[in-house]
Amino acid sequence: YYSNLLNLGNGDFLLWKPKSFIKMDSEGDTLWEKSASSMFFSYLTSDNHILYTTRTTLEKIDLNGNFIWQKPLDNINYLTEDPSGNYVYVKRSNYPIYQSTFGILDISGNIVTTTEIPDNAYNVITSSDGGFIISGSLSDFYYSPNNYPIFIIKTDENLNYSAINLRTPIDSETLNI
């Protein structure tokens, strides 16, 4: 049984679990509850909306739980915002093809641009120069016990990328990002 908390910034928080989410105040009193199909990830946007993922969609609601939009995007691993308010995501494909999509959506959830990454991407953050940093694991090692080599990719704002680190440990390497 999995649940997660999302701080809504005003003392309220969102508790979500696989089939529903509950908005609560700082005393733990329920403000509202909504059903949702298989939630996996939630994010509070800079315009005070909630984005959440299901197995097959990305959905946006307001802080009162009112539906805004739904987009058909499956397997999203991570989502954040860039400085201009666009939503930046990584999503992966399923076995036997390990490939990830890195993309940018506008505030309405429309795809601005995407690019493919040939391995399993799990996280994305914005970098100080307006680009992005993506991390993940190498697919050819995916099922090796205790051996999950990671990669880090740095992109520019147009999603052009070069590998910073592939197939070698980064424990002692300093990244100037």
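What's counted below: heavy atoms across the whole structure, side chains too, no hydrogens, waters or symmetry copies.
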Item checked: For the student: nearest non-hydrogen atoms of Asp82 and Ser84, plus distance -> OD1-OG, 2.8 Å
Margin query: Nearest 0.5 angstrom please: Leu63 CG to Leu8 CG, how far?
Written below: 6.0 Å
Check: Counting only N and O atoms by type, is there a donor-acceptor contact under 3.5 Å from the side chain of Thr57 to the main-chain atoms of Glu59?
Finding: no
Next item on the list: Would you mind reporting whether Lys71 and Ile111 have side-chain heavy atoms less than 4.5 Å apart?
Entry: no
Next item on the list: Enter the distance from Asn86:CG to Thr113:OG1 here, rounded to the nearest 0.5 Å.
Entry: 11.0 Å
Checklist line | Atom pair NE2 (His49) and OH (Tyr87), whose distance is rounded to the nearest 0.5 Å | finding: 7.5 Å
Note to self: Counting C-beta onward and ignoring hydrogens, is there a side-chain heavy-atom pair between Leu79 and Val88 closer than 4.5 Å?
What the structure shows: no
Notebook entry, point to check: If you measure from CG on Asn160 to NZ on Lys154, what distance do you get to the nearest 0.5 Å?
Noted result: 10.5 Å
Notebook entry, point to check: Do Pro83 and Thr126 come close enough that some side-chain heavy atom pair is under 4.5 Å?
Noted result: yes
Notebook entry, point to check: Looking at CG of Leu44 and CG of Leu6, how far apart are the two atoms once the value is rounded to the nearest 0.5 Å?
Noted result: 5.5 Å
Check: Which pair of non-hydrogen atoms, one from Trp69 and one from Phe67, has the smallest distance, and what is that distance?
Finding: C-CZ, 3.3 Å
Note to self: Has Asp25 got a side-chain atom pairing as donor or acceptor with Glu27's backbone, closer than 3.5 angstrom?
What the structure shows: yes
Note to self: For Phe132 and Phe102, take the angle between the two ring planes, folded into 0 to 90°, and tell me which bin it lands in: parallel under 30, tilted 30 to 60, perpendicular over 60.
What the structure shows: perpendicular
Note to self: Applying side-chain contact (heavy atoms from CB on, under 4.5 Å) to Ile117 and Ile134, what does each step give before you reach the verdict?
What the structure shows: CA-CA 10 Å; Ile117 300 168; Ile134 303 161; 3.6 Å; yes
Next item on the list: Applying side-chain contact (heavy atoms from CB on, under 4.5 Å), run through Tyr43 and Tyr89 and close with a yes or a no.
Entry: CA-CA 11 Å; Tyr43 181 80; Tyr89 69 91; over 6 Å; no
Checklist line | Nearest-0.5 Å distance that lies between atom CG in Leu105 and atom CD1 in Ile107 | finding: 11.5 Å
Margin query: Within the structure provided, determine whether Leu14 and Trp32 are in side-chain contact (heavy-atom separation under 4.5 Å).
Written below: yes
Note to self: Checking side-chain polar atoms at under 3.5 Å, does Asp47 have a donor or acceptor matched by the opposite partner on Thr45?
What the structure shows: yes
Next item on the list: Can you see which heavy atom on Asn7 is nearest to which on Phe13, and at what distance?
Entry: CA-CB, 4.4 Å
Next item on the list: Give a yes or no answer on whether the side chain of Glu33 reaches the backbone of Ser20 with a donor-acceptor pair at less than 3.5 Å.
Entry: no
Next item on the list: Go through the steps for Asp129 and Ser127 under the test side chain to side chain donor-acceptor pair (under 3.5 Å), then give the verdict.
Entry: CA-CA 6 Å; Asp129 64 0; Ser127 62; 2.5 Å; yes
Margin query: Assess, by modelled atom type and distance only, whether the side chains of Tyr52 and Lys60 contain a donor and an acceptor separated by less than 3.5 Å.
Written below: no
Next item on the list: Please test Ile153 against Ile133 for side-chain contact (heavy atoms from CB on, under 4.5 Å), starting from the C-alpha separation and ending with a verdict.
Entry: CA-CA 6 Å; Ile153 294 174; Ile133 301 161; over 6 Å; no
Check: In terms of side-chain heavy atoms, does Thr30 have a donor or acceptor partner in Lys23 at a distance below 3.5 Å?
Finding: no
Next item on the list: Before giving the answer on side-chain contact (heavy atoms from CB on, under 4.5 Å), spell out for Val90 and Ser100 the whole-Å C-alpha distance, their side-chain angles and the decisive distance to 0.1 Å.
Entry: CA-CA 7 Å; Val90 290; Ser100 296; 5.6 Å; no
Margin query: Does Lys91 form a salt bridge (Lys or Arg N to Asp or Glu O under 4.0 Å) with Asp74? I'd like the steps, not just the answer.
Written below: CA-CA 7 Å; Lys91 70 181 217 116; Asp74 62 342; 2.6 Å; yes
